[in-house]
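Structure record follows, encoded as structure tokens.
This is a predicted model, so every value here is computed, not measured.
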Amino acid sequence: MDAPERTESPTVTGTNVEGDHNGDIYQIFKPDEPETAKSSLVEGPVPEDRITQAAEAFCFPERFADAAAILRKRHLVVLAGHSSGRTHSGIRLLIDLNLESLHHLNPTRPPKDLLTRQATTTGYLWANHDATGWSPEDCERTLDQLSERLRSQHSYLVLTFLGKPELGNVTKYVAELAAPPTAAVVQAHLTARGISDGRRAELLSEIDLETVSPVHRGPRHAAEVARLLAAVEAGEHSLADVKATLTSRADEDIQAWFEEHPDVSSRALAITVSLLEECPYYDIASAANKLEKVLANPENEEIWPYQPPDLLERSRSDRLNSVHAHVVRNASGSNIALGPVKFSRPGWGPRLLSFVWTEFERVRPVIQEWLCTLTKELLSESPAQRRALTRFGTTLASAAEPNPMQWVLPWLGPDKPVHSQTMAATVLGALCANPGYIQQIKDVLRHWSKPNAPACYRHAVAIACGVEFGKAHPEFAMTQLGRLTKNCDESLRYLIPRAVQALLAEPNNRSLVLSTAAVWLLTGGAQAQAMAYQCAIKALFVAGAEKPLTERDKPAVRLVGSALLTSRKYRPLMMRWLANQGALATISASEAAKSRYLLHTLLTGDSDFVRRFGYDLRKYLDAHRDNSRGLARQLDLIVKEI
């Protein structure tokens, strides 16, 4: 194989990679506009679990067939019908079209922005779109333009509006859905969970769906009813506790519990379990003891006037039962002294915590300070810490705090410990459970990611991009991580790759993350290139172990491979990795499968790239015959296959 002409690196102008049907892996489109101006049009791929749920646990609403017909004909459909499961139906409509990718669009962006986006065979879900910029006069013209644009790109759009805007005469695009019966939706979800027909009928016969509280009615919440019934089947909750949850009205049962338990000890334990549920009992007991002292006397953190406690007053079981909790037993039935603690009644923890936050305003700063001390001494950098802070942030989100940042900023500052940055970032991510906070959180993180921002704020951005918030908004997260590579300190050199690896854990994010890593390799500074190399290698050789890379990832894989092999610095490192993988392939079937997939993908891409890659492979094999036999065997098999 002759050595090809060495050409300049591919021109990279953005972070969105789209593979066309001719094998061209360098087709990269510009972002819709600079990220510093406003949020990206595309918030990210539709999560894999939402796609799976829509594919396997779906109950067709009335007039779903009409919506499908409009979408196929016009490439655009507006779903109407409040509380009819429009978002879930929209995902199913797009799944049935067998498109290459499904993306969420930012509901705050104007419709004209989609007219400039360059993408093919893509499905878009524009859920709860803000119709402020729409007027009845130009609505039909705008939808006609969108329809024509989507048709030319072989793409499709499902649009749902927030509220009921005046859209003029656009009936040809509108499908009015009607919610399916709640029982049918519950049955569909139970079926998807593998519960037999007979057992489904038994479970449903125990619940009168007409008497459940309004919060548990409608398609959106029927999945939660099914989850609770499946938990009964699995022995996680009793049927009585599930019934109590489903029939509860507002916070009447929570309020009644507080009236029945006025003692600080019980209330402190209940709040502690609400935040630390699933932690070992002795950790919870220790944390509850600290909170009890603070609540009894916030100034001195001790019970005053001093009253000697009765140490044998109540047993552990009595204390836990008083807050509707218990220690989880193992399969043999024996009680584990250090086992995790869980609430017996489903949903009790979040509801109790929300009640405390809204009804007892004076206790808020006490809980915040206690949580900070607790994570430092007991839970620092642990899954339990992330769960506790996520619950805290979700509580703030459900309470719709007018200024949620006042509960985050006290944890940040040059004089604060490192663990407080993780706390602030985790709470920020959880705040996005309230859609009204998302834009504010993005603006804050964008401001904090500036090169001249204090290090503690930049660290918090890197951590926030690696939690659920970043996974839900991967384009935004990767843009901010790219900005953080400038003026990068030692901590960021660790935090940025960790965040990228977390984003790669979501299969639908992989193409975006890999293509962005290629952008960093080709156009970034030294720090960005070093971190991009580290992330790319792990993605190609390590991250695919549990959830292997798929066909739709191939364009991005080829783009990363091209970026690595174009670089004089990283080309020999890439070849060495390939050789190491070839050696592992001789002793491990899983490693052999990963190595074959990667080599096959790289050798079936763009012809110019394949020539360059083949030339580099030949040179490396000739120079390293002793340690590249495994790679040579893999190549022999793949070339014969091709």
Test item: Trp126 side-chain N/O and Asn106 main-chain N/O as donor-acceptor pair under 3.5 Å: yes
Residue that, paired with Ser449, satisfies side chain to side chain donor-acceptor pair (under 3.5 Å) out of Lys486, Arg458, Gln480: Gln480
Short side-chain to backbone donor-acceptor contact, Asn128 and Pro107, under 3.5 Å: no
Salt bridge Arg386-Glu468, side-chain N to carboxylate O under 4.0 Å: no
Geometric class of the Phe360/Phe258 ring pair [parallel <30°, tilted 30-60°, perpendicular >60°]: tilted
Donor-acceptor pair, side chain of Thr373 and main chain of Glu369, under 3.5 angstrom: yes
Interatomic distance, Ile367 atom CD1 to Trp370 atom CH2 [nearest 0.5 angstrom]: 7.5 Å
Over all atoms of both residues, closest heavy-atom pair of Ala288 and Thr272: CA-OG1, 3.3 Å
Distance, nearest 0.5 Å, that separates CZ of Arg558 from OG of Ser515: 14.5 Å
Residue pairs fulfilling ring-ring contact (aromatic ring centres under 6.0 Å, His included) with at least one residue in residues 556-576, sequence neighbours excluded: Tyr533-Tyr570
Min side-chain heavy-atom separation Glu401-Arg364 under 4.5 Å: yes
Shortest non-hydrogen contact from Asn434 toward Ala397: ND2-O, 3.0 Å
Backbone N/O of Leu512 and side chain of Thr516: donor-acceptor pair under 3.5 Å: yes
Verdict with reasoning, His473 to Ile438, per side chain to side chain contact (heavy atoms under 4.5 Å, CB included): CA-CA 10 Å; His473 305 89; Ile438 291 177; 3.9 Å; yes
Euclidean distance, Glu48 CD relative to Leu102 CG, rounded to 0.5 Å: 9.5 Å
Atom of Ala499, atom of Ala462 and distance for their closest heavy-atom approach: CB-O, 3.4 Å
Student check: side-chain heavy atoms of Glu506 and Pro474 closer than 4.5 Å: no
Non-hydrogen side-chain atoms of Gln439 and Thr108 separated by less than 4.5 Å: yes
Verdict with reasoning, Glu43 to Arg109, per side chain to side chain contact (heavy atoms under 4.5 Å, CB included): CA-CA 11 Å; Glu43 290 199 325; Arg109 293 289 288 269; over 6 Å; no
Ile254 side chain reached by Glu359 side chain, heavy atoms, under 4.5 Å: no
Interatomic distance, Cys488 atom SG to Leu481 atom CG [nearest 0.5 angstrom]: 10.5 Å
Plane angle bin for Trp257 and His261 - parallel if under 30°, tilted between 30 and 60°, otherwise perpendicular: parallel
Donor-acceptor contact present, side-chain Ser567 to main-chain Leu564, <3.5 Å: no
Pairwise distance NZ(Lys471) to CG(Asn509) - rounded to 0.5 angstrom: 9.0 Å
Side-chain heavy-atom pair Arg446, Thr479 within 4.5 angstrom cut-off: no
Contact summary for Ala424 and Val408, nearest pair of heavy atoms: CB-CG1, 3.6 Å
Qualifying residues under ring pair (Phe, Tyr, Trp, His ring centres under 6.0 Å), relative to Tyr124, sequence neighbours excluded: none
Within residues 433-459 or reaching into it, pairs that qualify as ring-ring contact (aromatic ring centres under 6.0 Å, His included) - sequence neighbours excluded: Trp448-Tyr457
Over all atoms of both residues, closest heavy-atom pair of Cys372 and Trp411: CB-NE1, 3.5 Å
Stepwise side chain to side chain contact (heavy atoms under 4.5 Å, CB included) test for Leu41 and Arg117: CA-CA 9 Å; Leu41 173 64; Arg117 180 167 173 79; 4.2 Å; yes
Side chain to side chain contact (heavy atoms under 4.5 Å, CB included) between Leu514 and Leu559, intermediate numbers included: CA-CA 8 Å; Leu514 287 173; Leu559 185 62; over 6 Å; no
Residue pair Gln53 / Asp49, side-chain donor-acceptor N/O under 3.5 Å: no
Backbone of Val519 reached by a side-chain donor or acceptor of Thr523 within 3.5 Å: yes
Any donor-acceptor N/O pair, Ser286 side chain to Asp283 backbone, under 3.5 Å: no
Within-4.5 Å side-chain heavy-atom neighbours: Phe343 and Leu352: no
Check: Glu277 main-chain N/O paired with Arg391 side-chain donor or acceptor under 3.5 Å: yes
Within-4.5 Å side-chain heavy-atom neighbours: Phe469 and Lys442: yes
Straight-line distance of Leu565 CG to Leu578 CG, nearest 0.5 Å: 7.5 Å
Main-chain N/O of Thr245 paired with Arg345 side-chain donor or acceptor, under 3.5 Å: no
Main-chain N/O of Leu521 paired with Gln529 side-chain donor or acceptor, under 3.5 Å: yes
Trp357 and Phe392 aromatic centres sub-6.0 Å: yes
Pairwise side-chain contact, Gln581 with Leu598, heavy-atom cut-off 4.5 Å (strictly under): no
